[in-house]
Amino acid sequence: MFSRHISAVVGISSFCLGIWMDRKYRELNALHSIPGFKIFDAVYADGLVANNQELIVNNEQRISQIMKYGFPSLDNVRSYKNFVLSYDQRNRIPHWVLEHLTPESVQYNPNVDRSSCEFYEDNSFHEFFRATNKDYKNSGFDRGHLAAAGNHKSSLELIKQTFVLSNIAPQVGKGFNRSAWNNLEKYVRKKAKHNKNVYICSGPLFLPKKGEDGKLWIKYQVIGDNHVAVPTHFYKIVVTESTESKFYLECYLMPNQVIPDDIPLKDFQMPLEVIERASGLQFFKRLTLDKFTKLN
DNA sequence: TTTAATGT
């Protein structure tokens, strides 16, 4: 099977051992009594230009809603109107990007058109660490969104913010960004249409592969003058809260390469632990920790 | 329907 092939290629099968879960969909417990979750005191790239106090307060409420189940890490966090990211200054791509979707937020809106959007540099980072449009030009890679443009079509302002280059990573275009990865994003939007809340964390991975010498190596291309790193893989963690307030978890891992169209999405499902070990991050800890304590 | 780059 293709999925087994992927595991072998990426060399992660070793730490799959013993942690494969009985069920692919794990039901998680709702946390209605989180003790006073205080929003992380980050630099608000968006708040910096806001001078209306009410706007700032509302934006903080929105951010705390997006980050309700925890921060995967606290490195170079930036919050935008409708998504939050942590930026990898060395690789000039995000570490992770978090979104919160609802049936209203993904409703079809013919008035919002992505063709009026342009990719732009994130000036909140030092120029040494910024990715530019020139880096991607003629690189052969797409400027792939992590917070997908299609998830933020409720207003022109929101969709425009997803085009900030700190939300972008180099993705194989034909056969990946425009196919399998796009299908995964569409699947998530469909979930959002039929459930109360969907929380998504997306990001890049750099996974080792066995070299001719039999040793494990991590090898990746860099593009442009700023050496923007091309990830070997991308992950997506999806937490769905149903209308009955039950929680479900799905994790996906895809190689950044041409993927045949006939591979079903479920072949890319991975245990959460695999993605946590590979990324050095822990996702939705406020939910999973609660579940784990109940298992003990 | 949504991805996005490239060439005019």
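Each chain gets a letter, A, B and so on, in the order the sequences are listed, and its residues count up from 1.
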Point to revise | Nearest heavy atoms of A:Tyr235 and A:His95, plus distance in Å | key: OH-O, 3.1 Å
Point to revise | A:Phe234 CZ to B:dT3 P, straight-line distance once rounded to whole Å | key: 15 Å
Check your understanding: Are any of the side-chain heavy atoms of A:Asn256 and A:Thr232 separated by less than 4.5 Å?
Key -> no
Exercise for review: Please confirm whether any donor atom in the side chain of A:Lys174 sits under 3.5 Å from an acceptor in the base of B:dT3, or the reverse.
Suggested key: no
Check your understanding: What about A:Asn182, does its side chain sit under 3.5 Å from the base of B:dT2 through a donor-acceptor pair?
Key -> yes
Practice item. Name the nucleic acid region contacted by A:Phe119, choosing base, sugar-phosphate or nothing; use a 4.0 angstrom heavy-atom cut-off, strictly under. Key: sugar-phosphate
Study note, to complete from the structure: Side-chain atoms of A:Arg189 come closest, of B:dA5, B:dT3, B:dT6, to B:dT3
Review point. Between B:dT6, B:dA5, B:dT1, which one does the side chain of A:Asp142 approach most closely?
Key: B:dA5
Practice item. Answer with base, sugar-phosphate or nothing: what part of the nucleic acid does A:Gly173 contact at a heavy-atom distance below 4.0 Å? Key: nothing
Review point. Can you check the A:Lys153 NZ to B:dT1 P distance for me, whole Å?
Key: 9 Å
**Study point:** Test: A:Arg78 cationic atom under 6.0 Å from A:Phe125 six-membered ring centre, within 45° of axis
**Key:** yes
Practice item. Would you mind reading off the distance between A:Arg143 atom CZ and B:dT3 atom C1', rounded to a whole angstrom? Key: 12 Å
Exercise for review: Measure from the side chain of A:Lys186, starting at C-beta and using heavy atoms only, and say which of B:dA5, B:dT1, B:dT3 lies closest.
Suggested key: B:dT1
Check your understanding: Given the rule that I, L, V, M, F, W and Y join up when any side-chain heavy atoms are under 4.5 Å apart, are A:Val228 and A:Phe128 in one cluster?
Key -> no
